[in-house]
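Below is one structure, written out as structure tokens; the observations come after it.
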2 protein chains.
Amino acid sequence: MKVSIKDIAKKAGVAPSTVSRALKNHPRISADMQATIQALAAEMGYVPSESARHLAGKQSRTIGVAIPDFTDPFYMNILSGIEEVAIAHQHELFVGSFNQDLDRDRKLFDAFDQKRLAGFVVAGSLVDAAYLTRESGDIPAVLINHYEYPFSVAIDQMRGVEMGVNHLISLGHRKIAYVALGTTTSSDSLRYQGYINGLESSGYQTNPSWVVEGDGGLAGGLSAVKRLMALPDPPTAIMCYNDRTAIGVITGLHQIGIAVPDDVSVVGFDDLEIAAYFLPSLTTIQQPHVHLGRQAAEKLFALMHGATVQAELLEPKLIRRNSTGPLHG
Amino acid sequence: MKVSIKDIAKKAGVAPSTVSRALKNHPRISADMQATIQALAAEMGYVPSESARHLAGKQSRTIGVAIPDFTDPFYMNILSGIEEVAIAHQHELFVGSFNQDLDRDRKLFDAFDQKRLAGFVVAGSLVDAAYLTRESGDIPAVLINHYEYPFSVAIDQMRGVEMGVNHLISLGHRKIAYVALGTTTSSDSLRYQGYINGLESSGYQTNPSWVVEGDGGLAGGLSAVKRLMALPDPPTAIMCYNDRTAIGVITGLHQIGIAVPDDVSVVGFDDLEIAAYFLPSLTTIQQPHVHLGRQAAEKLFALMHGATVQAELLEPKLIRRNSTGPLHG
DNA sequence: ACGGGGTGCGCAAACGCTTGCGCAATGCTA
DNA sequence: TAGCATTGCGCAAGCGTTTGCGCACCCCGT
């Protein structure tokens with residue numbers, strides 16, 4: 001049986017409203033009374049009920065975050081960034097994952113407005129972004145790496161992959177493969193487009209059989225690269241959807257006795273922390289992940305405070321490391 | 001302005017209580033009425049308020065999770081496991097991170113009972129486990145990898161490290177170093193103890209200068225190993241607090257031209273997914289992470305349903321891979 | 001024809017808190 | 001010393017739901 005504000009009021013011989021005000025240092029309550037009540041509250045082990053507070057007070061202090069997968073470090077970094085500014089603004093986070101399961105996705109967004117959230121940010125391109133804007137029209141939201149939405153912060157993914165491909169071309173590579181994500185998301189198609197653009201802008205053709213699908217994870221990269229290298233005319237360089245895929249790819253190459261970067265060059269996307277530590281260290285396209293999260297959150301708070309914000313497109317950056325090298329022989 | 005149950009009631013010409021019941025398919029409401037009201041609710045875009053529901057209904061459907069760090073894949077795997085069973089039980093998750101900042105930690109646990117959570121699980125050894133049991137005495141909780149607490153699920157970390165050390169000894173190594181976590185947690189001291197035990201049970205002495213501190217991450221492992229190998233009498237094998245540390249260690253060794261496992265053997269702890277993909281692949285102690293999360297959650301639900309549960313100690317397992325090899329010359 | 005047991009629904013209290021007012025007592029200005 | 005602003009606190013109306021009762025009404029059995 002939790003102690004309530006009324007219990008304190010009774011014991012202190014005052015009205016509940018006085019307790020409520022004393023607890024928040026309301027100026028119209030005497031300092032003595034505030035001290036008395038706060039001491040009493042502490043002694044009785046009073047813990048305010050968030051629900052009641054929210055119901056009566058009208059304003060929520062928690063913002064929602066939707067990410068595709070708890071085990072993907074990229075999104076976790078974003079989450080950290082968001083958490084950081086949320087804390088700075090004295091807000092809490094409600095985090096949910098939306099995976100492939102469309103039904104669960106709806107549940108998550110339902111939960112968002114059942115909680116009457118102050119706002120939310122969703123990271124990762126939505127399969128069906130339409131219902132996002134529709135369902136929760138009233139509560140402010142910002143999207144990460146989504147391009148049609150007015151309030152978003154994103155990096156130029158297409159340009160990023162293009163930079164990777166150009167780098168490969170400048171090293172002399174012509175047979176450049178691409179390991180895609182495999183699910184139809186805007187990130188996947190944008191990066192794929194970047195691959196195509198990179199090739200075509202230099203006047204080279206892509207070979208459709210050099211485009212294979214991974215799953216965005218280590219396992220997907222590993223199996224994809226084995227299919228790739230079994231081709232009659234295998235590539236000499238591989239652009240990957242992301243770093244995790246790239247690591248899977250390199251491990252796969254290692255397993256079949258192909259050296260990186262001597263035989264084949266590999267470039268990733270994201271610049272996860274591990275990219276600098278992997279052996280060989282990964283040439284990759286940097287996304288400022290934590291920064292992305294921070295930016296998104298800042299933008300959300302601005303929105304919540306009624307400010308007008310606009311979509312933001314960040315520049316990617318090529319990080320040269322040791323998984324890419326000049327074409328031999 | 002959200003539509004409420006009263007709005008629907010008014011429009012339907014019935015009492016709010018009828019709407020409430022119709023929405024939950026109460027048997028005492030006619031099928032016709034249920035259909036009418038549900039249709040009306042959908043049409044008006046009714047979304048129930050969680051706060052109001054919680055306030056009136058008394059029971060929460062969300063369980064809390066506290067983890068040390070969003071960016072540590074180990075905990076994220078645990079989180080996935082928890083999420084899985086929470087969903088199966090139709091519950092939601094409220095996840096918070098508690099880092100080194102003691103003040104924030106308190107805030108997190110305060111939030112837990114302000115939300116009147118149905119229960120919660122905390123992963124990672126608490127710096128100050130005392131206040132946990134004290135503060136939130138009323139709401140059921142289970143701890144992961146904590147040993148004094150009656151309701152917990154843990155693996156035998158001490159035994160795990162001991163297995164790693166034994167493996168190294170069986171390969172001929174005698175100069176075995178340990179890279180610790182660096183913060184005073186039970187996990188750290190238990191694993192350290194396992195290291196000592198492993199050495200002493202085989203009759204070997206430990207050299208205090210071979211015990212250095214990392215930070216549980218890649219960077220910490222990297223800098224630790226450099227201090228280690230700069231010693232006048234450097235070790236030939238290194239047991240690490242966890243996989244991330246081990247990866248940092250291997251990368252560090254690589255940077256100073258020391259080969260793994262030819263010159264130095266390295267073993268990790270956790271068996272993260274990356275352990276199997278790293279080059280060289282990591283010999284490590286397996287913790288069934290996702291399983292740990294699942295178990296913890298199951299146990300929590302049992303507790304919530306009034307069942308009596310007891311602490312559980314899982315066996316670790318040595319996974320032999322390519323970062324360890326026989327001692328040369 | 002009469003009592004008993006469902007049905008189908010409304011009333012109102014309660015959950016724990018916030019907040020606009022109201023009202024007394026005090027301090028101040030002129 | 002009258003008049004006014006200020007200070008300090010209580011009253012009560014919500015916030016959006018849930019739920020225990022109560023009360024008609026209808027269908028049966030006898």
Side-chain angles (χ1 to χ4, degrees), chain A residues 1-38 40-41 44-62 110-118 138-139, chain B residues 1-38 40-41 44-62 110-118 138-139:
Chain A
M1 212 51 72
K2 282 288 181 189
V3 330
S4 79
I5 238 177
K6 285 186 191 169
D7 301 328
I8 304 183
K10 202 160 297 174
K11 195 154 190 173
V14 300
S17 53
T18 303
V19 176
S20 174
R21 293 194 170 99
L23 257 16
K24 346 178 76 77
N25 301 320
H26 188 107
R28 298 293 279 278
I29 302 291
S30 71
D32 284 357
M33 184 55 91
Q34 293 193 14
T36 312
I37 297 213
Q38 288 177 11
L40 197 53
M44 297 175 67
Y46 169 70
V47 177
S49 155
E50 193 193 65
S51 301
R53 208 168 240 179
H54 183 203
L55 225 209
K58 306 295 317 142
Q59 54 156 350
S60 170
R61 277 210 152 291
T62 111
D110 283 353
F112 276 7
D113 20 49
Q114 287 182 201
K115 287 180 187 306
R116 306 289 194 263
L117 255 28
D138 346 350
I139 119 176
Chain B
M1 210 51 73
K2 281 288 181 187
V3 331
S4 79
I5 237 175
K6 286 186 191 169
D7 301 328
I8 303 183
K10 202 161 298 173
K11 195 151 190 175
V14 300
S17 53
T18 302
V19 175
S20 173
R21 293 194 170 99
L23 256 17
K24 349 176 77 71
N25 300 320
H26 187 106
R28 298 291 280 277
I29 302 291
S30 70
D32 283 358
M33 184 57 85
Q34 294 193 14
T36 312
I37 297 213
Q38 288 176 12
L40 196 53
M44 297 175 67
Y46 169 70
V47 177
S49 155
E50 193 194 63
S51 300
R53 210 168 237 181
H54 185 200
L55 224 210
K58 308 291 316 136
Q59 53 156 353
S60 169
R61 277 212 151 290
T62 110
D110 283 354
F112 276 6
D113 16 55
Q114 286 182 204
K115 286 181 186 307
R116 305 287 194 266
L117 255 29
D138 347 350
I139 120 177

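Every chain is numbered from 1, with letters handed out A, B, ... down the list of sequences.
Between R53(A) and dT18(C) there is a side-chain polar atom (N or O) within less than 4.0 angstrom of OP1 or OP2. The phosphate of dA12(D) (OP1 or OP2) has no side-chain N or O of S17(A) nearer than 4.0 angstrom. Regarding contacts with the backbone of dG16(C), every side-chain N or O of K2(A) stays at 4.0 angstrom or more from both OP1 and OP2. Considering only side-chain N and O atoms, S20(B) lies under 4.0 angstrom from the phosphate OP1 or OP2 of dT18(D). Distances shown here put every side-chain N or O of S30(B) at or beyond 4.0 Å from the OP1 or OP2 atom of dT7(C). K24(A) has a side-chain polar atom (N or O) that falls below the 4.0 Å cut-off from OP1 or OP2 of dT18(C). One finds no side-chain N or O of S49(A) lying less than 4.0 angstrom from the OP1 or OP2 phosphate oxygen of dC17(C).
Shortest non-hydrogen contact noted between S60(A) and A118(A) is O-CB, 3.6 Å. The two residues V3(B) and D7(B) have their closest heavy-atom pair at CA-OD2, 3.3 Å.
R21(A) has its CZ atom 20 Å from the P atom of dG16(C), to the nearest Å. Look at NE2 on H54(A): it is 15 Å from C1' on dG14(D), rounded to the nearest Å. When the P atom of dT17(D) is taken as reference, atom CZ of R61(B) falls 18 Å away, rounded to whole Å. For the pair I37(A) CD1 and dC9(D) P, the computed distance is 8 Å after rounding to whole Å. Distance CG (L55(A)) to C1' (dA14(C)): 12 Å, rounded to an integer number of Å. Going from atom CD of E50(B) over to atom P of dT17(D) covers 12 Å, rounded to whole Å. Rounded to a whole Å, the CE atom of M44(B) is 13 Å from the P atom of dG16(D). Nucleotide dG16(D) holds its P atom 18 Å from the NZ atom of K115(A), rounded to whole Å.
The listed nucleotides are dC11(C), dG16(C), dT18(D); the one nearest the side chain of A56(B) is dT18(D). For I5(B), whose side chain is taken as the heavy atoms from C-beta onward, the closest listed nucleotide among dC21(D), dT18(D), dC15(D) is dT18(D).
Atoms NZ and CD, on K115(A) and E50(A) in that order, are 8.5 Å from each other to the nearest 0.5 Å. How far OH of Y46(A) is from CG of L40(A): 12.0 Å, rounded to the nearest 0.5 Å. The CZ atom of R53(B) sits 10.5 Å away from atom CZ of R61(B), with the distance rounded to the nearest 0.5 Å.
Among the heavy atoms of the strands, none lies under 4.0 Å from V19(B).
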Go through S49(B) and R116(A) one step at a time and tell me if the side-chain contact (heavy atoms from CB on, under 4.5 Å) criterion holds. CA-CA 7 Å; S49(B) 155; R116(A) 306 289 194 263; 3.7 Å; yes
Table of protein N/O atoms under 3.5 Å from nucleotides 22-27 of chain C N/O atoms:
none

In a table with atom names and distances, give each donor-acceptor pair under 3.5 Å that connects a side chain of residues 8-37 of chain B to protein atoms at least two apart or in another chain.
from: N25(B); atom 1: OD1; to: Q38(B); atom 2: NE2; distance (Å): 2.8
from: S30(B); atom 1: OG; to: M33(B); atom 2: N; distance (Å): 3.2
from: Q34(B); atom 1: NE2; to: H26(B); atom 2: O; distance (Å): 2.9
from: Q34(B); atom 1: NE2; to: I29(B); atom 2: O; distance (Å): 3.1
from: T36(B); atom 1: OG1; to: D32(B); atom 2: O; distance (Å): 2.7

